[in-house]
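Counting starts at 1 for both ligands and their atoms, in listed order.
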Amino acid sequence: MEEVSGAQLIAEALRTQNVEYMFGVVGIPITEVAVAAQAAGIKYIGMRNEQAACYAASAIGYLTGRPGVCLVVSGPGFLHTLGGMANATVNCWPLIVIGGSSDRNQETMGAFQEFPQVEAARLYNKLSVRPSSLEVIPAVIEKAVRTSIYGRPGSCYIDIPGDFVNLQVNKSSVKYVECCPPPPISTAERSAVSEAASIIAHAKQPLLIIGKGATYSRAENNIRKFVDLSGLPFLPTPMAKGVVPDNHPNCVAAARSTALLHADVIILLGARLNWILHFGLPPRFRQDVKVIQIDICAEEMGNNVRPAAMLLGDINAITKQLLEEFSKRPLKYPSNSEWWKRLREKMLNNEERSKDLALQKSLPMNYYTVFHHIRELIPKDCILVSEGANTMDIGRTMLPNYHPRQRLDAGTFGTMGVGLGFAIAAALVAKDRTPEKRVICIEGDSAFGFSGMEVETICRYNLPILIIVVNNNGIYTGLDAGSWKEMLQYGDPVTSVPPVSLLPNARYEEIMSAFGGKGYFVNTPEELQNAVKASLADKRAPSLINVMIDPQSERKKQEFPWLTRSNL
Ligand code: ADP
Ligand code: MG
């Protein structure tokens with residue numbers, strides 16, 4: 001009789017479900033699971049902290065449509081994944097977390113790292129389960145993978161008691177399950193589609209909003225067709241940049257506030273009317289705006305705004321339905337309309353204001369100057385990871401995306417510390433699928449600090465990631481070296497350092513050189529250009545450019561006071 005261990009069963013079941021990547025930190029009781037996973041052909045990436053491992057695994061799900069796995073030890077290891085599970089579920093990204101837990105016969109006795117993990121995970125996951133026996137492990141893993149990608153995607157947690165890992169069972173008693181197919185595709189009700197088409201056809205100031213649901217559902221070809229055929233202005237949300245290229249003439253990102261404020265009909269393609277879209281309410285939207293909501297999740301319909309039409313189903317399929325509808329009654333929104341004139345004027349105006357800031361020659365540089373020089377040098381097809389308050393917000397407007405699923409940032413949950421994990425995931429996916437694409441991770445100095453030790457992971461696996469730390473010596477703002485010294489004269493740093501401050505001129509690039517990558521410390525545009533060129537020229541080595549900017553550099557003055565909060 002052939003026997004199989006719990007660790008092997010987990011590894012083989014994951015492989016059967018087409019899981020390609022596993023991130024984790026090994027220890028009791030799950031080391032054997034990682035070893036078995038590697039033996040089963042799953043790429044195992046050892047990370048330095050479970051939180052970053054979980055972020056990395058979640059980005060795999062977003063980028064590939066099949067969940068990545070995060071493997072962690074019991075108790076503290078498990079608890080460090082809560083941020084990652086919540087981030088994935090809030091972002092609607094599939095993810096599988098596997099946590100080792102205490103041996104069953106020691107439960108409630110104060111076992112090593114004992115914690116009520118299944119209960120704790122429930123709040124962050126679509127499914128939180130512990131297999132009742134070794135025999136059902138393949139079935140439980142199939143259900144978790146299926147649950148993570150069917151309907152609205154999200155995270156699923158599987159708890160593995162420590163004593164399961166090395167326990168053996170007879171193969172013939174195991175309930176093996178085949179690979180679960182991709183999610184079934186649902187289309188919208190026909191009447192809702194024609195209702196939507198007629199609302200769009202009568203719109204005076206229409207606007208298409210493309211969200212990261214569209215990115216995830218790989219609807220780029222149909223959406224591109226729809227934009228080209230209809231002539232409608234469109235606005236991508238942060239992570240939907242690139243579904244239609246940012247330089248498409250119909251992209252009105254540079255007139256975002258105006259477009260939102262005056263649109264009379266909004267076609268909402270896979271984006272929630274949450275804080276990112278100002279809840280769809282006045283003062284950022286018209287009171288009478290008609291929203292055509294397209295989403296896979298019925299419970300999302302009507303949140304904050306009662307939609308004029310509800311198209312429930314898969315975005316790609318529904319965009320196709322709309323295209324079919326408009327092939328019967330062609331729609332071509334005139335490019336010489338008042339609405340287009342107004343949007344274009346606003347765009348020109350806003351672009352001029354950014355340009356002025358970008359071309360300032362004074363040192364230290366400001367955010368706009370830094371992004372201007374980066375933009376000139378980075379390849380159009382690079383994958384951009386971005387986080388940090390101002391770094392992410394200004395970078396979003398200054399750095400264009402031309403391809404879908406090539407921008408990853410703090411997302412719906414506004415999570416800082418995701419950058420390095422996301423960059424590692426993106427670099428692995430690029431390595432396997434599009435090796436010519438570079439990953440460029442642009443971080444604020446504070447954001448970088450959350451997972452800075454993952455630089456060692458990057459160097460260990462020799463991932464050609466370029467990290468650019470936009471360093472303003474602090475969170476939001478910082479102090480320059482002179483003011484710092486002056487401040488310290490007033491006493492103990494613990495009582496005098498402003499809460500927003502980080503150490504001035506911290507040499508983050510030396511973290512990269514410590515592990516064998518290339519580090520650059522830059523103060524001027526010329527040094528920045530040289531460092532970016534040198535980093536990109538080396539196609540294999542990881543590098544980090546630490547760019548000093550004015551610690552008081554801010555976003556350009558916003559027209560409306562309610563625009564000054566981060567991400568608004
Ligand atoms: P953004 O951050 O870009 O505004 P959100 O994360 O708020 O986007 O919204 C994404 C929406 O897309 C979610 O409401 C989710 O249910 C939906 N979604 C995800 N996948 C699909 C799909 N395949 N088809 C339709 N809607 C989807
Ligand atoms: Mg900073």
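- Here is the list of ligand 1 atoms found below 4.0 Å of a heavy atom in G313: 24 (N), 25 (C).
- Annotation for ligand 1: atoms under 4.0 Å from non-hydrogen atoms of S217 are 22 (C), 23 (N).
- Nearest protein heavy-atom contact of atom 19 (C) of ligand 1 is G213 CA, 3.8 Å.
- Applying the side chain to side chain donor-acceptor pair (under 3.5 Å) test to every pair with at least one member in residues 306-321, sequence neighbours left out, gives these pairs: N222-N316.
- Note on residues 184-194: no pairs pass salt bridge (Lys or Arg N to Asp or Glu O under 4.0 Å), not counting sequence neighbours.
- Note on ligand 1: M239 sits outside its first shell, no heavy atom being nearer than 4.0 Å.
- The heavy-atom pair separating L269 from A214 by the smallest distance is O-CB, 3.9 Å.
- In the vicinity of T412, heavy-atom distances shorter than 4.0 Å reach the ligand 1 atoms 2 (O), 6 (O).
- Side chain of R66 to backbone of Q17: a donor-acceptor contact under 3.5 angstrom is found.
- With no hydrogens or angles considered, a side-chain donor-acceptor pair links Y367 and N472 at under 3.5 Å.
- The proximity of N274 to ligand 1, defined as any non-hydrogen pair under 4.0 Å, is limited to the side chain.
- In terms of protein heavy-atom proximity, atom 14 (O) of ligand 1 is nearest to D295 OD2, 2.6 Å.
- Closest to atom 23 (N) of ligand 1 among all protein heavy atoms lies D314 OD1, 2.9 Å.
- Ion pairing of K225 with D228 is absent here, as no side-chain N (NZ or NE/NH1/NH2) approaches a carboxylate O to less than 4.0 Å.
- Within 6.0 Å of the NZ atom in K143, the count of heavy atoms belonging to other residues, nucleotides or ligands does not exceed 12.
- For the side chain to side chain donor-acceptor pair (under 3.5 Å) condition, the pairs that include at least one residue of residues 290-302, sequence neighbours left out, are R152-E300, E300-N303.
- Close contacts of ligand 1 with C297, meaning ligand atoms under 4.0 Å from a residue heavy atom, involve 16 (O).
- Ring geometry, W93 versus F422: the interplanar angle falls from 30° to 60°, so the pair is classed tilted.
- The distance criterion of under 3.5 Å between nitrogen or oxygen atoms is met by R152 with respect to ligand 1.
- For ligand 1, the atoms sitting less than 4.0 Å from at least one non-hydrogen atom of G211 are 3 (O), numbered in the order shown with element in parentheses.
- Nearest protein neighbour of atom 26 (N) of ligand 1, counting heavy atoms only, is I296 N, 3.0 Å.
- With a 4.5 Å cut-off on side-chain heavy atoms, T391 and E443 do not count as touching.
- By the 30° and 60° cut-offs, the orientation of the rings of F285 relative to H278 is tilted.
- Here the protein heavy atom with the shortest distance to atom 7 (O) of ligand 1 is R272 NE, 2.8 Å.
- For I315, a nitrogen or oxygen atom sits less than 3.5 Å from a nitrogen or oxygen atom of ligand 1, counting backbone and side chain alike.
- Of the possible polar contacts, one joining the T524 side chain to the E527 backbone as a donor-acceptor pair under 3.5 Å is found.
- Around the Mg ion (ligand 2), protein N, O or S atoms at less than 2.8 Å number 3.
- Looking at atom 3 (O) of ligand 1, its nearest protein heavy atom turns out to be T237 OG1, 2.4 Å.
- Proximity of K212 to ligand 1, defined as any heavy-atom pair under 4.0 Å, is shared by backbone and side chain alike.
- Annotation: atom 20 (N) of ligand 1 to nearest protein heavy atom, Y216 CD2, 3.8 Å.
- Among A317, A298, G270, the residue whose heavy atom lies closest to atom 10 (C) of ligand 1 is G270.
- Without hydrogens or angle criteria, S194 side chain to S191 main chain gives a donor-acceptor distance under 3.5 Å.
- F326 and F226 have tilted rings, their planes meeting at an angle from 30° to 60° on a 0 to 90° scale.
- Of the listed residues (I440, V455, I424), just one forms a side-chain contact (heavy atoms from CB on, under 4.5 Å) with I465, and that residue is I424.
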